[in-house]
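Just below is one structure, and these are the notes that go with it.
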Amino acid sequence: GASATSSGGSFISRTAEALVAISNPKTTIGGLQSEWRLMSSGETVLDGYAFEVLHRALGPPGLTAVSRYLGLLAAIRVKKVFEGASALLTAQTQEQLGKVLATARGAGN
């Protein structure tokens, strides 16, 4: 379904959400070094030209913002997965993961 921000939000967030929608792995194939195509018809939905136009429209700062927004969306999804999975983990496993996280955060300083 549509997200809460797809009817509003910033141009950057709407652009990022459109990219996510048209590159949905449930309905499209391709990516990275090839075109994105609809699985059902083979129709191209994203190609090199589309990315060139996107680059011209947004410029490097806009592409950086879209990239960061997509990263944030990914982080939010991962957080939700871990929150849901934590109910399935034993207390000992949760404690070990907490220690690993604390070590990783300490190494980042």
Side-chain angles (χ1 to χ4, degrees):
S3 71
T5 59
S6 60
S7 62
S10 71
F11 176 73
I12 296 297
S13 65
R14 292 190 316 268
T15 301
E17 289 170 3
L19 287 171
V20 168
I22 60 178
S23 62
N24 182 339
K26 293 180 182 177
T27 59
T28 58
I29 55 174
L32 294 182
Q33 297 183 10
S34 65
E35 300 171 331
W36 286 97
R37 297 182 175 275
L38 290 175
M39 280 190 229
S40 59
S41 66
E43 177 186 356
T44 300
V45 291
L46 276 178
D47 59 11
Y49 180 72
F51 284 110
E52 287 177 30
V53 170
L54 186 63
H55 183 264
R56 278 187 267 149
L58 297 175
L63 288 178
T64 299
V66 168
S67 177
R68 288 183 178 170
Y69 184 76
L70 290 171
L72 176 64
L73 291 178
I76 289 168
R77 287 184 180 181
V78 168
K79 182 179 178 186
K80 287 180 182 179
V81 166
F82 279 115
E83 287 172 350
S86 68
L88 304 173
L89 301 175
T90 65
Q92 181 183 8
T93 303
Q94 288 183 21
E95 182 180 336
Q96 290 172 339
L97 289 173
K99 289 178 183 177
V100 170
L101 179 60
T103 301
R105 285 184 175 159
N109 292 334

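Since we're looking at a predicted model, the values are computed, not measured. Every heavy atom of this structure was used, including side-chain atoms; hydrogens, water molecules and symmetry mates were not.
Checking side-chain atoms of Thr44 against main-chain N and O of Leu46 turns up no donor-acceptor pair under 3.5 Å. The closest donor-acceptor contact from the side chain of Arg37 to the backbone of Thr28 lies at 3.5 Å or more, if one exists at all. In terms of modelled atom types and a separation under 3.5 Å, the side chain of Thr103 and the main chain of Lys99 share a donor-acceptor contact.
Looking at Met39 and Thr27, their side chains never come closer than 4.5 Å, going by heavy atoms from C-beta outward. Under the 4.5 Å side-chain criterion, counting only non-hydrogen atoms from C-beta, Arg68 is not in contact with Leu72. Residues Asn24 and Val20 fail the side-chain proximity criterion, which asks for heavy atoms closer than 4.5 Å. Using a 4.5 Å cut-off on side-chain heavy atoms (C-beta onward), His55 and Leu63 make contact.
Other residues, nucleotides and ligands contribute at most 12 non-hydrogen atoms within 6.0 Å of the CD atom of Gln92. Dense packing is recorded around CZ of Arg56, with more than 12 heavy atoms of other residues, nucleotides or ligands lying under 6.0 Å away.
A search for side-chain hydrogen bond (donor to acceptor under 3.5 Å, both in side chains) contacts involving Ser40 returns nothing, not counting sequence neighbours. Under the side-chain hydrogen bond (donor to acceptor under 3.5 Å, both in side chains) criterion, Ser23 pairs with no residue, sequence neighbours left out. Scanning for side-chain contact (heavy atoms from CB on, under 4.5 Å) contacts around Gln94 gives Ser86, Leu89, with sequence neighbours left out.
Ser67 and Thr64 are not linked by any side-chain donor-acceptor pair at a separation below 3.5 angstrom, with hydrogens and angles left out of the test.
One distance of note links CZ of Phe51 with CD of Glu35; it measures 10.5 Å at 0.5 Å rounding. Distance check: Leu101 CG to Phe82 CZ gives 10.0 Å after rounding to the nearest 0.5 Å. How far OH of Tyr69 is from CG of Leu19: 11.5 Å, rounded to the nearest 0.5 Å.
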* Go through the steps to decide whether Leu38 and Ile29 satisfy the test side chain to side chain contact (heavy atoms under 4.5 Å, CB included), and finish with yes or no. => CA-CA 6 Å; Leu38 290 175; Ile29 55 174; over 6 Å; no
